[in-house]
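Only a predicted model underlies this, so the values are computations on that prediction, with no experimental measurement involved.
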Amino acid sequence: MSSTPEDPSNAPVYGPVDGFGSDPQLPATDDAAAVEKHDPAPPVEPTPTSTGTAVTDRTRAATTWVGLVIGAIVLILLLVFILQNLENVSVKILAWQLDFPLGITILLAAIAGALIMALAGGVRIVQIRRAAKRQL
């Protein structure tokens, strides 16, 4: 046998050495005595807990305020972008030719893209609602 404590061969042997017969190292126990007798614990009533402190609770007013602040920051950034890109560019759409500042042109293109995506999302929402109504 090895002398190191982490060696598995140093683990105590609990069964009979030859694999037959009774186990000489384990004390004989009565099965009834081996079962732990106790009363089951009474069910624990859940105690009401608060959802958090006033710092972590979200209200509609707080969410609206945060949305307004973020919107104001985005508008300021858009204004800075437009003011830095005031040189005129010519945009040709089908038969029309329009002259706008570059910042306005890019802003209008972004708005048009957002409207197209909103339209596609709206169509998909209508499809999902119709499918949900059919399943009812």
Can you give each donor-acceptor pair under 3.5 Å made by side-chain atoms of residues 64-91, sequence neighbours left out, with the distance rounded to 0.1 Å?
residue, atom, partner, partner atom, Å
Thr64, OG1, Arg60, O, 2.7
Asn85, ND2, Phe81, O, 2.8
Ser90, OG, Gln97, NE2, 2.6
Ser90, OG, Asp99, OD1, 3.4

So the side chain to side chain donor-acceptor pair (under 3.5 Å) pairs with at least one residue in residues 111-125 (sequence neighbours excluded) are Arg124-Gln127
Table please: side-chain donor-acceptor pairs of residues 100-120 below 3.5 Å, with sequence neighbours left out.
residue, atom, partner, partner atom, Å
Thr105, OG1, Pro101, O, 2.9

Sorted by chain and number, sequence neighbours left out, side-chain contact (heavy atoms from CB on, under 4.5 Å) with Arg134 holds for Arg130
